[in-house]
Amino acid sequence: MMASTYGYFPGCSARGTGVAYEESLLTLFRLLNLSLDELKDWNCCGATSYMSIDEGSAFLLSARNLSRARQAGHRELVTPCSACYLVLRKTQDYAARYPEIAKSVGDSLVAANLPPLDSVTVRHPMEVLYNDVGLERIKSKVVRHWRGGRVACYYGCQLVRPFAEADRPHDPTRMDELLQAVGVPTIDYSLKTKCCGGSLTGTIHEVGVRLNYILLKEAARKGAEAIVTICPLCQYNLDAYQGEIRKHAGEPLDMPVFFFTQILGWALGGDARSLGLGRAISGRRSIEEWFSKHAEEVESYV
Amino acid sequence: MSKANGDIRIGVYVCHCGTNISAVVDVKSLAAYGATLPNVVVSREYKYLCSDPGQDLIRQDIAERKLNRVVVASCSPHLHEQTFRNALATGGLNPFFLQMVNIREQDSWVTEDKQAATRKARDLVRAAARRVAWNESLERDRIPIHPAVMVVGGGIAGIHAALTLANSGKHVYLVEREPTIGGHMAQFDKTFPTLDCAACILTPKMSAVKSHKNITLWTYSEVTQVDGYVGNFKVKVRRWPRYIKEDLCSGCLECLKACVYKEAKFPDDFNVGLAKRKPIYISFPQAVPQVPVIDPETCIQFKSGKCKKTCIDACGERHAISLQMEEKTEEVEVGNIILATGSQPFDARRIPYYGYGVYPNVYTALEVERLVNASGPTAGEVVLRDGRTPKTVGIVHCVGSRDENTNRWCSRVCCMYSLKLAHLIKEHTGADIFNFYIDIRTPGKGFEEFYQKLLNERVHFVRGRVAEVTDWALDPTEEDKLVIRVEDTLAGIVRRIPVDMVVLATGLEPQADAEQVRRLFNISCASGGFFLERHPKLAPVSTFTDGIFLAGCCQGPKDIPDTVAQAGAAAAEALALIDAGFVETEPNAAYVMEEVCSGCKTCVAMCPFTAIEFLQEERKARINQAKCKGCGTCVAACPSGSIYQHLFEDRQIFEEIEGILTNA
Amino acid sequence: MPETFEPKIVAFFCNWCTYLAADLAGTSRIKYAPNTRVVRVMCSGRVDPQFILDAFAKGADGVLIGGCHPGDCHYQEGNYKALRRFVLLKRLVKQMGIEEARLRLEWISAAEGERVKTVVNDMVEKLRVLGPRVPVRQKEVA
């Protein structure tokens with residue numbers, strides 16, 4: 001059953017390094033007649049950083065957002081960022097399983113005059129498109145052919161583990177299926193759920209960059225011309241350090257890293273600007289080639 | 001307290017059980033307490049009551065102190081009730097004047113607080129002393145044992161049990177679900193540790209089964225219903241139609257050659273999907289019986305009605321093929337049943353990061369058994385899916401076993417068969433072999449020596465549980481290979497080992513329908529799903545249902561030597577019952593006090609064994625003492641309280657309750 | 001009331017499933033609260049409601065009946081009969097002023113040694129909160 005208005009929790013990256021994600025997400029949802037109602041006065045979810053410093057308080061941050069969603073009357077809360085998705089889900093899960101956490105969260109919400117945690121379903125755009133819209137409907141709305149090569153669908157780790165509602169933990173395929181439905185061929189990417197390093201690129205830099213190097217190199221080796229992701233930090237990590245990798249590893253890497261909403265949005269007719277296509281750091285030439293060359297092509301694709 | 005059955009003289013005996021009981025329960029004070037209870041004339045404690053001297057103690061007291069009731073506070077009655085009953089009997093007292101108190105399994109072993117444990121023991125001993133005063137003298141009934149035996153499952157376990165029984169002159173019905181007997185052992189190439197050819201040692205036994213005058217072999221058949229009880233089971237067996245008459249078929253296999261399918265197209269189960277078969281097929285050339293089967297799901301004649309039926313032509317004058325054959329149900333009477341239904345291999349797809357079903361060159365151990373086998377799909381050549389010979393092979397131990405996410409147990413045979421496969425693959429290909437293990441478990445006779453042999457053959461052993469099998473290549477040497485990522489815990493580093501072929505040593509687990517099968521036979525499953533034995537050490541082949549025995553992997557993973565030993569044991573237990581000619585019942589049948597029976601018939605419909613009949617003229621219920629199994633449901637249900645139960649009388653139970661709750 | 005009141009539970013365990021499970025808990029050395037006193041019966045179907053009422057009358061703080069899971073009864077259906085009686089008895093017992101938590105029916109199979117511990121410990125905890133059951137006899141004396 002498809003709700004046409006979803007509660008929307010952007011997360012901090014959407015206004016920072018992941019601006020292109022929000023832009024393309026809103027554009028894509030508009031093209032599909034879905035609207036996202038942004039939560040008023042939402043706060044940072046704390047992501048995995050705060051969780052590892054003070055779990056108890058981190059739960060409160062998420063609880064506030066979930067409670068405000070309920071207050072606004074939303075049964076479903078869509079968040080594009082994998083880390084936000086994970087900590088929101090984790091807060092619900094732990095509050096249900098551990099009475100001490102339920103109590104601490106409950107007491108804080110009461111003190112803040114907020115309604116108690118209730119059934120708000122946390123969702124991710126990838127599975128909203130897959131489950132609520134469906135491959136057939138998306139396919140029927142394609143107006144542009146993809147002329148680029150094959151891409152590597154990279155899921156990262158937080159969306160599919162430990163909560164396996166968005167997709168299978170070891171072998172997720174929904175992003176691949178969504179892209180294939182709009183005519184984008186994908187490779188068999190064995191590293192699709194291997195960690196990109198997350199915050200490590202900021203803390204233990206060499207380790208984080210090495211993890212990204214592995215992901216980029218393998219994607220290239222398997223013949224991918226671009227990587228497509230669903231998480232703003234994954235996209236940033238894979239995108240931002242290719243220069244460094246070129247310098248230290250001597251590998252001629254220059255691979256575009258897209259958000260899946262950008263590719264889908266483009267196939268459904270969105271223009272380059274509203275999809276944030278100009279915001280990439282790496283692979284700019286390929287992006288310009290693909291998207292400028294075929295900006296005029298408008299074909300019906302069934 | 002009122003006297004029951006005359007002058008009661010009770011002996012109370014408290015066992016230390018070494019220190020099992022005495023370390024927690026204060027046995028001395030317990031025995032002293034026992035002496036204070038009404039009607040108790042002697043109360044002792046002893047280190048091992050179940051031993052000969054322990055039993056002598058009781059017998060002596062019966063004689064000298066003229067005891068007529070005995071309370072033994074020790075281990076579970078499930079273990080030694082029989083022992084102590086015998087002690088009473090040989091001491092001249094009716095064995096049913098015994099009452100046991102469980103102060104070990106249900107007290108000393110489960111309680112930390114010693115005082116609480118001792119208090120619990122006192123309450124229970126007091127209760128038993130009150131109850132035993134109301135015990136009566138009872139005699140056991142004898143149920144005759146039908147001499148025939150049914151063996152369910154025709155693998156090596158079933159075959160050995162059937163031959164043992166048949167050789168001693170008993171008639172055996174051997175029922176097997178597949179079209180041939182042989183089970184998993186028929187799929188193996190060589191067996192550890194002697195590297196005997198499996199087929200060579202199995203096929204003579206299979207022939208012996210076929211030709212034995214005392215064995216009725218029903219293959220392609222399944223048990224559908226079991227009624228009755230030990231000595232008198234009535235079993236219904238459904239025989240699926242092969243569409244080829246067993247008694248007319250000569251086993252020439254011309255029909256297979258003549259089938260309109262020139263090429264085999266359908267997955268061949270015997271070769272674990274590595275080869276194909278036609279709709280008319282035989283599992284393997286030495287199948288017993290040597291009679292093919294037609295699969296109606298794939299045969300053109302069955303699906304469309306329009307086939308040239310070249311198979312029937314090829315059969316010619318023998319006229320063995322009969323497409324109108326229908327399924328048949330046989331019903332037989334047997335006295336004992338041996339379950340030898342085996343196990344199934346763990347499904348490697350449940351561990352997706354080992355790549356089975358994802359990368360073509362990841363195999364399960366059973367698939368590799370078929371590859372190395374000379375009569376397998378590749379005539380004994382160990383080759384990859386594309387025909388190349390592997391130069392490096394990785395064998396991953398413990399796939400599915402010793403794992404909280406899949407099966408917790410150790411499957412016992414995989415270390416040995418992994419060593420065996422390492423040896424065979426090396427012999428066939430000269431490849432570089434790596435075995436990845438957690439522990440090397442080689443406990444049997446000749447097993448450790450076999451491991452040493454492998455070490456001398458320069459097979460590499462890496463101690464570490466494999467994390468994943470991936471096609472991700474870090475450098476050119478890993479291109480087009482499968483990379484095994486593992487922490488080498490002896491060297492303390494994470495390794496990447498590129499190989500051409502990965503073999504997964506999948507564990508053993510219960511058959512998919514183990515739950516349904518065990519309900520059919522009214523036995524239980526243990527927590528892993530394997531059939532539950534009566535006692536893991538002292539009764540590993542019997543079950544809690546008298547007359548039903550277990551043999552082979554259906555009771556737990558084991559290798560061929562242990563399977564054969566257990567099959568022999570099961571056959572021996574069945575033979576013991578048959579030769580005795582009867583089995584003695586527990587005298588706990590219910591009986592009606594007809595004077596009090598009001599004829600309401602409430603009990604009649606309740607009995608699951610239809611042991612209660614209603615006497616129309618007298619308008620009374622009567623219970624058939626032979627059919628009654630002693631559940632006691634009618635006793636509890638009777639509105640007028642006119643049904644009683646030997647050994648579990650209302651009076652006895654009320655006394656027990658009183659003893660627990662009131663202080664003397 | 002003393003600080004830690006130790007409830008006394010009379011437990012009717014069926015020979016084939018629950019009694020064996022309790023034995024298994026023993027062989028596995030699983031430790032649990034020592035408050036139960038087991039009366040062995042062949043089948044949970046043997047448990048007469050009179051036993052239960054008698055136990056309460058004589059001062060039991062709780063009564064636990066243990067039988068095989070539905071479908072697994074060694075005698076086919078005895079546990080179903082036990083269930084039927086139990087449902088009716090619960091109502092009766094409530095009307096007599098005995099709290100629900102004091103009478104309990106559990107299906108415990110022979111392999112479930114761990115469950116014996118969870119059930120007994122849970123029941124003891126709940127009974128501790130309820131306090132002792134006043135025996136009818138004592139009232140009569142007054």
Side-chain angles (χ1 to χ4, degrees), chain B residues 75-79 100 102 104-113 115-117 119-120 123-124 127 131 518-519 522 524-529 532 536 544-545 586 588 590 606-609 629-638 641 645 647-648 650 653-654 656-662, chain C residues 6 8 10 12-17 19-20 22-51 54-55 57-60 68 71-78 81-82 85 109-114 116-117 120 135 137:
Chain B
C75 52
S76 172
H78 277 281
L79 206 47
M100 277 191 77
N102 185 337
R104 191 183 71 168
E105 282 86 338
Q106 295 189 16
D107 191 13
S108 70
W109 276 354
V110 294
T111 311
E112 271 161 339
D113 181 338
Q115 286 179 340
R119 247 185 322 228
K120 185 168 177 174
D123 286 353
L124 291 172
R131 191 218 214 261
R518 70 116 182 143
R519 272 166 201 259
N522 197 17
S524 313
C525 279
S527 49
L532 184 64
F544 284 103
T545 305
E586 184 82 340
N588 60 5
M606 284 212 143
C607 181
F609 305 100
K629 296 283 132 241
C631 71
T633 307
C634 57
V635 186
C638 175
Q645 183 183 12
L647 219 51
F648 289 91
D650 276 354
I653 297 177
F654 280 122
E656 223 176 311
I657 296 172
E658 175 96 33
I660 285 171
L661 293 168
T662 26
Chain C
E6 288 302 334
K8 212 171 223 179
V10 175
F12 296 94
F13 283 174
C14 91
N15 183 52
W16 303 101
C17 280
Y19 195 90
L20 279 178
D23 275 356
L24 176 61
T27 48
S28 315
R29 310 296 194 274
I30 296 173
K31 306 283 185 256
Y32 56 90
N35 305 58
T36 52
R37 306 288 184 264
V38 174
V39 176
R40 181 166 77 121
V41 288
M42 278 296 132
C43 178
S44 51
R46 174 72 183 91
V47 179
D48 194 323
Q50 291 188 75
F51 298 159
D54 190 56
K58 297 208 167 98
C68 306
D72 286 357
C73 180
H74 188 83
Y75 304 99
Q76 321 297 344
E77 316 161 344
K81 318 255 173 55
R85 279 183 212 132
S109 83
E112 294 182 300
E114 188 70 41
V116 172
K117 166 182 156 182
V120 170
R137 240 184 220 175

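As the structure is a computational prediction, the values presented were derived from the model and not from experiment. Naming convention: chains lettered A, B, ... in sequence-line order (proteins, then strands); numbering from 1 in each chain.
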- request: Check the angle between the aromatic planes of C:W16 and B:F544 and answer parallel, tilted or perpendicular using the 30° and 60° thresholds.
  value: perpendicular
Under 4.5 Å from a heavy atom of chain B, the part of C:T36 involved: both
task: With C:V39 as reference, evaluate C:F13, C:F12, C:F51 under the side-chain contact (heavy atoms from CB on, under 4.5 Å) test and give the passing residue.
output: C:F12
- prompt: Is there side-chain contact between C:Q50 and B:I657, with at least one heavy-atom pair below 4.5 Å?
  reply: no
- line: If you tally heavy-atom pairs under 4.5 Å between each of C:N35, C:V10, C:V116, C:N15 and chain B, the highest tally belongs to C:N15
message: Can you tell me which portion of B:D650 sits under 4.5 Å from chain C's heavy atoms? Options are side chain, backbone, both or neither.
response: both
B:A127 versus chain C, the contacting section by heavy-atom distance below 4.5 Å: neither
field: Side chain, backbone, both or neither of B:C525 within contact of chain C (heavy atoms, under 4.5 Å)
entry: backbone
message: Below 4.5 Å, heavy-atom pairs only: which of C:Q76, C:R37, C:M42 has the largest tally toward chain B?
response: C:R37
task: Could you tell me how the ring of B:F609 sits relative to the ring of C:Y75: parallel (under 30°), tilted (30 to 60°) or perpendicular (over 60°)?
output: perpendicular
field: Under 4.5 Å from a heavy atom of chain B, the part of C:R85 involved
entry: side chain
message: At a 4.5 Å cut-off on heavy atoms, which part of B:I660 comes close to chain C: side chain, backbone, both, or neither?
response: both
task: Measure distances from B:R104 to the heavy atoms of chain C and classify the residue's part below 4.5 Å as side chain, backbone, both or neither.
output: neither
- prompt: When heavy-atom pairs shorter than 4.5 Å are enumerated against chain C, which of B:C607, B:S524, B:S76 gives the highest number?
  reply: B:S76
- request: Decide yes or no for C:R40 and B:H78: does some side-chain heavy atom of the first lie under 4.5 Å from some side-chain heavy atom of the second?
  value: yes
field: Atom pair CD/SG of B:E105 and B:C75 - distance to nearest 0.5 Å
entry: 6.0 Å
statement: Applying a strict 4.5 Å limit to non-hydrogen atoms, the region of B:E656 in contact with chain C is side chain
- prompt: Does a side-chain heavy-atom distance below 4.5 Å link C:K117 with C:K31?
  reply: no
query: Between B:C634, B:A590, B:G630, which shows the greatest number of heavy-atom pairs under 4.5 Å with chain C?
result: B:G630
query: C:D72 versus B:R518: any side-chain heavy-atom pair under 4.5 Å?
result: yes
message: Does any backbone or side-chain atom of B:Q645 lie under 4.5 Å from a heavy atom of chain C? Answer side chain, backbone, both or neither.
response: side chain
task: Quick one: which of B:L647, B:N102, B:D107 has the most heavy-atom pairs under 4.5 Å with chain C, could you say?
output: B:N102
query: For B:F648, is the NZ or CZ atom of B:R131 found under 6.0 angstrom from the centre of its six-membered ring and inside 45 degrees of the ring axis?
result: yes
statement: Here the pair of heavy atoms bringing B:T111 nearest to B:A116 is CG2-CB, 4.4 Å
message: Quick check on C:C73 against chain B: is it the side chain, the backbone, both or neither that has a heavy atom closer than 4.5 Å?
response: backbone
